S.K.: 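Structure below; questions to follow.
Just so we're clear, the structure is a prediction, and the values are computed from it rather than from any experiment.
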Amino acid sequence: MKIDIPGNLRFKNPWIHILYWIFVIVILTVIFGRSWGNTVHAFYFVSMLLPVVLGTSYFFNYVLVVKYLLKQKIFRFFLYTFYLLVVSLYLQILVLTFSFVFMVNYNMGMLGLNANSTILLASVMYILVFIGSFLMLLQQLQEKRTVIEQLSHEKEKMRKSFIEVRSQRKLISIPLDKILFIESLSDYVIIHTITEQIQSKEKISKIEEALPANFIRIHRSFIVNENHVSSVTSTQVIVAGKEFNIGRKYKGNLK
């Protein structure tokens, strides 16, 4: 069985993040542009505030949550979150101050805005950040829960020393350490053990789900017991003196 541990420090689909932030820029520009009566000013302010907001969001989600919250280091998580907010708000103030000075010096319509409107914009952006952070946190917690369930299931399978399959209308138990490999044919499978061959009408995919991690799917038609593997190359696996080709789809399993 292959267990995928979620990589919390990498973006699984960066396009989702890119499209989300483009959506945020467009929506905030339209909303505040209409409120201020100047869409260009709103776009400038959103663009200038966005880097700080992005840094806050991803540092919170992919550093603080991963390193502290998910590892149940609650005190450090809240302490560093407080530090992050202080630093982030300080940077926001610097950005807003720079924005006013920059725009007024270049006479951007004499900038008929006030500090309250820009602070409101910054507050709305932070609200969006924490909504996004909450959704990402839920996703990470769900991924962690899924991995824990997979590991528990794998541990339960490792406790069993046998597998049960139906053969000739009987349910029989086969010791796992006796299985060399499992072969799938047209409408049945053959379980090759040290002493015998057992036929079953069950699908190889169903049998694979019941096997522990030391049984590796190397081909759509073969599962091998790694404890009986004598040699492995880039294209073949040798078990009990027999050579098996490795399917291109399953090469990652051997790694």
Side-chain angles (χ1 to χ4, degrees), residues 6-145:
N8 291 306
L9 293 179
R10 72 176 189 274
F11 302 146
K12 292 186 173 180
N13 191 342
W15 286 109
I16 294 178
H17 296 257
I18 293 171
L19 291 175
Y20 172 76
W21 289 110
I22 291 175
F23 173 78
V24 169
I25 292 174
V26 171
I27 293 299
L28 291 181
T29 299
V30 172
I31 293 175
F32 282 88
R34 289 183 178 179
S35 175
W36 297 350
N38 193 320
T39 303
V40 175
H41 289 174
F43 176 75
Y44 280 131
F45 273 107
V46 171
S47 300
M48 289 181 176
L49 290 171
L50 190 62
V52 178
V53 173
L54 278 171
T56 302
S57 175
Y58 288 104
F59 186 83
F60 176 82
N61 284 290
Y62 293 97
V63 177
L64 297 185
V65 170
V66 174
K67 292 184 65 175
Y68 300 106
L69 182 59
L70 293 182
K71 294 182 179 179
Q72 298 184 348
K73 299 178 180 178
I74 305 301
F75 176 77
R76 289 189 179 184
F77 170 74
F78 283 109
L79 178 63
Y80 293 148
T81 298
F82 173 75
Y83 290 159
L84 174 64
L85 289 176
V86 171
V87 172
S88 181
L89 289 173
Y90 176 74
L91 292 175
Q92 287 275 24
I93 294 173
L94 290 181
V95 169
L96 290 174
T97 303
F98 171 79
S99 301
F100 274 102
V101 173
F102 174 80
M103 292 181 177
V104 170
N105 284 344
Y106 284 87
N107 193 23
M108 300 276 298
M110 294 308 294
L111 197 66
L113 303 175
N114 54 52
N116 290 332
S117 60
T118 53
I119 290 174
L120 177 61
L121 170 60
S123 301
V124 171
M125 293 185 76
Y126 269 108
I127 291 173
L128 291 175
V129 165
F130 286 110
I131 291 176
S133 298
F134 178 73
L135 295 176
M136 289 185 198
L137 176 59
L138 289 180
Q139 180 185 2
Q140 291 172 349
L141 290 173
Q142 181 59 40
E143 289 175 348
K144 185 177 181 183
R145 187 178 297 111

S.K.: With under 30° as parallel and over 60° as perpendicular, where do the rings of Y80 and Y83 fit, or are they tilted in between?
M.R.: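 Geometry flag for Y83 against Y80: tilted rings.
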S.K.: Does some side-chain heavy atom of S88 sit less than 4.5 Å from a side-chain heavy atom of F60?
M.R.: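 Contact flag for F60/S88 side chains = no.
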S.K.: Look up atom CG in L94 and atom CG in L89, then write down how far apart they are to the nearest 0.5 Å.
M.R.: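 L94 atom CG to L89 atom CG measures 11.0 Å (nearest 0.5 Å).
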S.K.: Quick one: side chain to side chain contact (heavy atoms under 4.5 Å, CB included) partners of L19, sequence neighbours excluded?
M.R.: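 Side chain to side chain contact (heavy atoms under 4.5 Å, CB included) list for L19, sorted by chain: empty.
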S.K.: Within this structure, what is the CZ-CZ distance for the pair F77 and F82, rounded to the nearest 0.5 Å?
M.R.: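 Separation between the atoms: 14.5 Å.
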S.K.: Give, for atom CG of L49 and atom CG of L91, the distance between the pair rounded to the nearest 0.5 Å.
M.R.: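 If I round to the nearest 0.5 Å, the distance is 11.0 Å.
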S.K.: Answer yes or no: is there a side-chain heavy-atom contact under 4.5 Å between Y90 and V86?
M.R.: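 Y90 vs V86: side chains apart.
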S.K.: Counting C-beta onward and ignoring hydrogens, is there a side-chain heavy-atom pair between F43 and I25 closer than 4.5 Å?
M.R.: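 Touching, per the 4.5 Å side-chain cut-off.
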S.K.: With side chain to side chain donor-acceptor pair (under 3.5 Å) as the rule and sequence neighbours excluded, what pairs involving residues 66-79 come up?
M.R.: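 Checked against side chain to side chain donor-acceptor pair (under 3.5 Å) - neighbours excluded - no pair reaches residues 66-79.
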